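Structure record follows, encoded as structure tokens.
Model, not experiment: these values are computed from the prediction. So you know, we letter chains A, B, ... as the sequences are listed, proteins then strands, and number each from 1. Computation of the quantities below employed the complete heavy-atom set of this structure, encompassing side-chain atoms and omitting hydrogens, waters and symmetry-equivalent molecules.
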Amino acid sequence: MKPLYTPDGVEARWQSAWESEGHYAAGAGATREESYVICVPPPNVTGDLHLGHALNGSIQDVLVRWHRMRGYRTLWQPGYDHAGISTQNVVEKQLATEGLTRHDLGREAFVARTWEWLELTGRTIMRQYRRLGASLDYERERFTLDEGYSRAVTTFFVRLWDRGWIYRANRIVNWCPHHQTAISDLEVVHEEMDDVLTYVRYPFADGDGEDGIVIATVRPATILGDVAVAVHPGDERYAAAIGRHLVVPYLERHVPVIADERVDPAFGTGALKITPGHDPTDFVIGRDHDLPEPMVIGFDGRMNEHAGALRGLTQAEADVVIIAWLKERGRLVKRDNYRHAVGTCERCHTRIEPLISLQWWCRMEEPARPAIEALRERTVRFHPESQHRFAIASLEETPDWCVSRQLWWGHQLPIWTTPDGEVICALTEEEAQERAGAGVALTRDPDVLDTWFSSALWPFATLGWPDETPELAAYYPGNVNSTAREIIRLWENRMIWAGLEVMGEVPFADVIIHSTVLATDGRRMSKSLGTGVDPIEMIDAHGADATRYGLLKISSTQDVRFSPGAIEEGRKLANKLWNVSRLILQNAGDVEARVEPTALEERWILARIDGAREQVEEAWAAFDFATAANVLYHLTFDDFCDWYAEAIKPRLYEHEPSVAATAVAALERLLVLLHPMLPHVTEEIWSHLPGAQGRLIVSPWLEPDDRFLPDVGALERIQAAAVTFRRSGVQVVLDSDDERRIFAAVVRPERQKVTGDAGPEIARLQKEIARAEAMLANDTFVASAPSAVVDGEREKLERFRRELEALSTAEG
RNA sequence: GGGCGCAUAGCUCAGCGGGAGAGCGCUCGCUUCACACGCGAGAGGUCCCUGGUUCGAUCCCAGGUGCGCCCA
């Protein structure tokens, strides 16, 4: 063993040993019946590991390794998501460099090409998870587009269809002109943009042309799609206008003035032009007032045939024409600069066109109901609690789900149409044909399902559903799911209701919503901002153990800024552990672990280890990983190294067998506690233990051991004496031989340059005594404060007086 | 516009009714036979502001200021 611990090589060696020896496999090393199951959130098949994955992987791996050691039948399920729009995007970009579009290839060839590309460059994240030491059962990797998984998706869709929850409707959707597909609200990102707010006067149809109502719009081109002007019913400015008609500019169409409470009287002029074809709010208002829904912008984002002479123009070009038209006729009131948030596609950042199109939808009111129930009854619990409330609220107001996408990469809808217009939903084309009748020509719906539709099935489709496999029986329902906050509505809620729908049980009991790791300056981490931190670089530089430690240490119930210092702290912890192990092992010879404490510090460290065990168990059970990291850090540095190891050193050097045996036993326990967080360095040291047998990864977790509990505070007096000595050079008198021996071994007073000035220490103690005396002299305090607090103050006062006396005695 | 949260040492954060804490950074002293990725000591804080509750507030409540995230 070298003086400096180097994770290079060590980590890779253990990663391949653990995996090849089968310790990652579901149920490996199990000694009890209960299972413990976590499904990894399936990462994008085209993606790379980012810090969020690394944090989430560290969290899940701690839980999985801990439960594996406790003897549970653990399964940590790996796999990938096909990520419809972003994967298709990548391949289309690649085609573009060859001057091709997907339409040049055709659907079949395009999908084949995408598969080919994935085989070459996809699926990198599981390799990166291995480098983190993540003990996923890699043999069981699943992909949402695998044959079996696809059958699950189809089966689920048909089931929803049979439930009557799937329907097709013309609705306003978020249309991405670049991807030529509808996307869900959740795939739209809002970005601040500088715009112009144009104020336009619409004259009354029955007026003199001078009067009218002024509206404000950021998109003059949509004026052509106006079907009404709405005002707030309580807005006195416009009360008289309700029911009258206005002339829409350019097209000179006559439209009514209507009253609707959704109009904000404070925005613009308080009059809202209603364009149901191109604005979601207007669409809803239009439906309620039975207004027509003309569309003047096409799927390509340009003005369409309903825009008359403006057909074919971009919206910007149309804006210019319309504004000129308004100016000529004196109807342009003013134009103001206006900064506001605009919806853009999260993948390509193209401005979203809200427009009406025919899409497939899944009703949500009915499926959400049992999920809300499960959350209210806390059959599923989100952590932290604030996210639990958010999950319930988001399910309560969840709109119907647009499940169709106009893409090629994904699960094609199992829907066929006959020439007569009969719509058939079936598991297979054969079945559809059978139902339509032989010889009837069938046309399959070209759309694919939203990627999240397949993700919703992850906890059971990965186990073989819809087949009744042994894995499904053994590992469903799972226990924990851990993910980022922004994915609660996209994924967590849908897994919960889907699980209840097809399995009759929620897929897990606990959902951990982990911190978002921000850049050190507080901005979001992103490649485009250049604020990203590559976890693989962190692993290269400091090791996987250090990286895991650092991420867990900064994790919280809120967003956190990345801190390289935390990872360095982890590296120092690994090195410290390595070196204290060297000390013990170099002096233990062949002595094997035996708990044979013969001295105070040995009983003390065993008690401290048991205390830490309890704290760590509590913290992990509460998903508080930072607290556990902190407890383990101080147990190792302060208790084990600074006090225990220093205290036993003289006796260890003399090769007292019981000292060595107990030290090896204490070290073993420390390694067990640290293993879930720092798996590599602990396994490496474990392999050097005298008589090492088996792997730490499948060694049993510590049982509670309160035999030494009475000595858990046994070093307090010596530690106080050490502080006093180091500060003042004054040795206070200690009671027992054990105490004096430990003090001598740890403090090494003969080495210290003694100043011999007890003055500052005496002053400090006198100040403490004065403070405690003042508190106890306050009758209201003594009368009102809880007796434990008052007693505590009395005890402190006693102790300070004792210490002061000891100090004065020693000095004298 | 709606929701959630945060403001504590130079930095990153913990503490959340009874003496202000950790890691890093900084200063000083130590190459002591596990470790200089170490050991020891130290400096550094109106715990954002203003009120209120309380014997007692960094902690609870109200208002304010600043910042962040999510959603529309």
Side-chain angles (χ1 to χ4, degrees), chain A residues 1-6 185-186 188-190 264 266-267 280-281 340-341 343 384 386-387 389-390 393-394 397 484-489 515-516 518 520-524 542-543 546 549-550 553-587 624 626-627 629-630 633-634 637-638 640-642 645-646 649 652-653 722-723 725-729 746-748 750-753 755 760 764 767-772 774-775 778-786 788-790 792-793 796-797 800:
Chain A
M1 292 175 82
K2 289 182 217 159
L4 185 64
Y5 173 66
T6 47
D185 290 346
L186 304 170
V188 176
V189 292
H190 295 264
D264 175 6
F267 181 79
T281 309
H340 66 144
S386 56
Q387 301 304 331
R389 293 193 299 273
F390 172 74
S394 63
E397 59 200 37
R485 192 180 44 219
E486 70 257 25
I487 238 166
I488 291 174
R489 305 192 308 163
S515 303
T516 300
L518 304 171
T520 46
D521 60 5
R523 290 186 296 170
R524 270 190 93 79
H542 305 293
Y549 175 88
K553 181 72 186 292
I554 63 171
S555 72
S556 164
T557 56
Q558 62 187 74
D559 290 354
V560 292
R561 294 182 184 202
F562 177 69
S563 160
I567 294 179
E568 281 160 29
E569 189 179 317
R571 190 190 56 190
K572 290 181 179 180
L573 176 60
N575 189 56
K576 189 74 175 172
L577 180 68
W578 176 256
N579 274 294
V580 80
S581 303
R582 287 177 64 220
L583 169 72
I584 292 171
L585 297 180
Q586 281 169 356
N587 291 285
D624 179 357
T627 294
N630 206 32
Y633 179 90
H634 289 290
F637 258 84
D638 302 348
F640 201 90
C641 295
D642 287 356
E646 294 298 337
K649 247 185 200 175
L652 195 60
Y653 289 150
V723 169
F725 177 79
R726 285 164 177 162
R727 282 184 183 158
S728 68
V746 177
V747 179
R748 313 283 293 271
E750 74 280 6
R751 289 180 180 279
Q752 300 274 341
K753 285 180 190 160
T755 63
R764 184 184 69 87
K767 213 173 125 193
E768 296 286 12
I769 289 165
R771 190 197 57 82
M775 275 186 89
N778 180 348
D779 291 341
T780 10
F781 167 72
V782 177
S784 329
V789 174
V790 179
E793 281 308 318
K796 275 188 253 174
L797 181 58
F800 291 134

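- Using atom C1' as the reference point in both B/G66 and B/C30, the two lie 46 Å apart (nearest Å).
- A/Arg571 comes within 4.0 angstrom of a base, heavy atoms only.
- Nucleotides B/G68 and B/C59 place their P atoms 24 Å apart, quoted to the nearest Å.
- Contact annotation: the side chain of A/Leu583 approaches that of A/Asn587 to within less than 4.5 Å [non-hydrogen atoms, C-beta and beyond].
- Checking B/G18 for Watson-Crick or G-U wobble geometry (two distances, each under 3.5 Å) identifies B/C55 as its partner.
- B/C13 atom P lies 12 Å from atom CZ of A/Phe562, rounded to whole Å.
- The CE atom of A/Met1 sits 15 Å away from the C1' atom of B/C37 (whole-angstrom rounding).
- B/C24 and B/C16 have their P atoms separated by 23 Å, with the value rounded to a whole Å.
- Spacing of C1' atoms, B/G38 relative to B/C33, comes out at 14 Å, to the nearest Å.
- The OH atom of A/Tyr633 sits 18 Å away from the P atom of B/A14 (whole-angstrom rounding).
- Applying the 4.0 Å criterion to OP1 and OP2 of B/C24, one finds that A/Lys572 has a side-chain N or O inside that range.
- For B/G40 and B/G51, the C1' atoms lie 46 Å apart once the distance is rounded to whole Å.
- Among the nucleotides B/C39, B/A72, B/C69, the one closest to any side-chain atom of A/Asp559 is B/C69.
- Checked by distance alone, A/Glu397 brings no side-chain donor or acceptor within 3.5 Å of a matching partner on the base of B/A72.
- When the C1' atom of B/G38 is taken as reference, atom NZ of A/Lys2 falls 19 Å away, rounded to whole Å.
- A/Phe390 has its side chain out of reach of A/Arg485: every pair of non-hydrogen atoms, C-beta onward, lies at least 4.5 Å apart.
- Spacing of C1' atoms, B/U46 relative to B/A57, comes out at 14 Å, to the nearest Å.
- Inter-residue side-chain proximity for A/Arg571 and A/Glu569 is flagged as unmet; no heavy-atom pair is nearer than 4.5 Å.
- Remark: B/G42 base-pairs with B/C26; criterion is Watson-Crick or G-U wobble with both hydrogen-bond distances under 3.5 Å.
- Straight-line distance from the CZ atom of A/Phe781 to the P atom of B/G56: 12 Å, rounded to whole Å.
- Considering only side-chain atoms of A/Glu569, the nucleotide from B/C35, B/G23, B/G18 that sits closest is B/G23.
- For the pair A/Lys649 and A/Glu646, the salt-bridge criterion is met [side-chain N within less than 4.0 Å of a carboxylate O].
- With P as the reference atom, B/G29 and B/C48 are 36 Å apart, rounded to whole Å.
- Across all strands shown, A/Ser556 has heavy atoms under 4.0 Å from sugar-phosphate atoms exclusively, and none from any base.
- To the nearest whole angstrom, the two P atoms, one in B/G25 and one in B/G64, are 42 Å apart.
- Under 4.0 angstrom from either OP1 or OP2 of B/C13 there lies no side-chain N or O belonging to A/Lys553.
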